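What you are looking at is a predicted structure, and each value in this text was computed from that prediction instead of being measured.
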Amino acid sequence: MLDQIHLLAAVTVLGVLEQAYFFLQVIYARRVFGISPPKISGPPEFERIFRAQVNSSEYFPIFLALLWQAGLFFHQGLAAALGLLYLCARYCYFMGYRASSSERLAPIYFSTGVLWILVAAAVLGILHFFLSHYVGLNILQLL
C-alpha cells in the first residue's frame, strides 16, 4: 500500500513545509514593520506578504484534496509531478507578490492551470473507477 502513496505523501510534506515557510515570513515581516497581531494592515510591503500567505493558505486544502484524489484514482506519479509544479508556482507567486502585486499574476495563473489539470485527472480517475467497478465498463480498453 505504501508504494502506492509514497510520492503523494512526500509532496504533501513539502507542501506543509512551504506553508510553514510562508507563515514564518509573515511573522518576520510583523517584526520588521512593527505590526502586532491581530492587526493586518500596515505598509504595502507587509500587506503584500500577509496577503500572499493568506491566499496560499486558502488554496492549500483544495490542492491537497485534488493531489490525493488524482494520485489515488488516476496516477500517483503524474499527480506528484503536478504537485511539485504547483508548489513551485506557489513559491514563485509568494516571492512575486512580496516584490510587487503585479509580479504575482503569471505564477497564480500557472498554479491555477495545474489545479485544473489535477481536477481533470481526479475526475477521469474517479469516473473510470465507477464505470469499471459498478458498470463493468473499462473505458481505457475502449480507447
Side chain to side chain contact (heavy atoms under 4.5 Å, CB included) between Asn138 and His128, worked out: CA-CA 7 Å; Asn138 188 338; His128 175 262; 3.1 Å; yes
Would Ser57 and Phe23 satisfy side chain to side chain contact (heavy atoms under 4.5 Å, CB included), going step by step from the backbone distance to the final call? CA-CA 9 Å; Ser57 294; Phe23 290 136; 3.6 Å; yes
Is there a side chain to side chain contact (heavy atoms under 4.5 Å, CB included) between Ile126 and Val123? Walk through the geometry before answering. CA-CA 5 Å; Ile126 292 169; Val123 167; over 6 Å; no
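The OG1 atom of Thr12 sits 9.0 Å away from atom CD1 of Ile5, with the distance rounded to the nearest 0.5 Å. Going from atom OH of Tyr86 over to atom CG of Leu14 covers 14.0 Å, rounded to the nearest 0.5 Å. Rounding to the nearest 0.5 Å places OG of Ser111 at 12.5 Å from CG of Leu82. Atom CG in Leu78 sits 8.5 Å away from atom CD1 in Ile117 (nearest 0.5 Å).
The hydrophobic clustering, which links ILVMFWY residues whose side-chain heavy atoms are closer than 4.5 Å, places Val119 and Val114 together. In the hydrophobic clustering of ILVMFWY residues, with side-chain heavy atoms under 4.5 Å counting as a link, Leu24 and Phe60 come out apart. Under a hydrophobic-cluster definition in which Ile, Leu, Val, Met, Phe, Trp and Tyr are linked whenever side-chain heavy atoms come within less than 4.5 Å, directly or via other members, Ile35 and Val54 are assigned to the same cluster. Placement of Leu85 and Leu66 within a single hydrophobic cluster is found when ILVMFWY residues are connected by side-chain heavy-atom separations under 4.5 Å, directly or transitively. Hydrophobic cluster membership differs between Leu84 and Tyr91, with clusters built from Ile, Leu, Val, Met, Phe, Trp and Tyr side chains linked at under 4.5 angstrom.
Scanning both residues, Pro107 and Ala89, for their nearest heavy atoms gives CB-O, 3.5 Å. Counting all heavy atoms, side chain and backbone alike, Glu58 lies closest to Pro61 at O-CD, 3.5 Å. In this structure, Ala29 and Ile49 approach most closely via the heavy-atom pair CB-CD1, 3.9 Å. When all heavy atoms of Ala122 and Gln69 are compared, the closest pair comes out as CB-CB, 3.9 Å. Contact detail for Phe33 and Pro43: the closest heavy-atom pair is CD2-CG, 3.8 Å. Nearest heavy-atom pair, Leu7 versus Gln76, reported as atom, atom and distance to 0.1 Å: N-OE1, 2.7 Å.
Looking only at side-chain heavy atoms (C-beta outward), Tyr28 and Arg31 stay at 4.5 Å or farther from each other. Considering only heavy atoms from C-beta on, Val26 stays 4.5 Å or farther from Arg51 through its side chain. Side-chain contact between Phe46 and Val32 is absent, with no heavy-atom pair separated by less than 4.5 Å. Between Ser41 and Glu47 the shortest side-chain heavy-atom distance falls below 4.5 Å.
Gln19 and Ser56 form no side-chain donor-acceptor contact under 3.5 Å, judged by distance and modelled atom types alone. Checked by atom type, the side-chain pair Tyr97/Asn55 shows no donor-acceptor distance below 3.5 Å.
By the neighbour-count criterion of 12 heavy atoms within 6.0 Å, atom OH of Tyr109 is sparsely surrounded, having that number or fewer from other residues, nucleotides or ligands. Under a cut-off of 6.0 angstrom, the local environment of CD1 in Ile40 is sparse, with at most 12 non-hydrogen atoms contributed by other residues, nucleotides or ligands.
Every residue meeting the ring pair (Phe, Tyr, Trp, His ring centres under 6.0 Å) condition with Phe129, not counting sequence neighbours, appears here in chain and number order: Phe73, His133. Phe22 meets the ring pair (Phe, Tyr, Trp, His ring centres under 6.0 Å) test with Phe94; sequence neighbours excluded.
Ring-centre distance between Phe63 and Tyr59: not below the 6.0 Å cut-off.
Within the 3.5 Å criterion, the main-chain N or O of Gly96 finds no donor-acceptor partner in the side chain of Arg104.
Applying the side chain to side chain donor-acceptor pair (under 3.5 Å) rule to pairs touching residues 116-125 yields nothing, sequence neighbours excluded.
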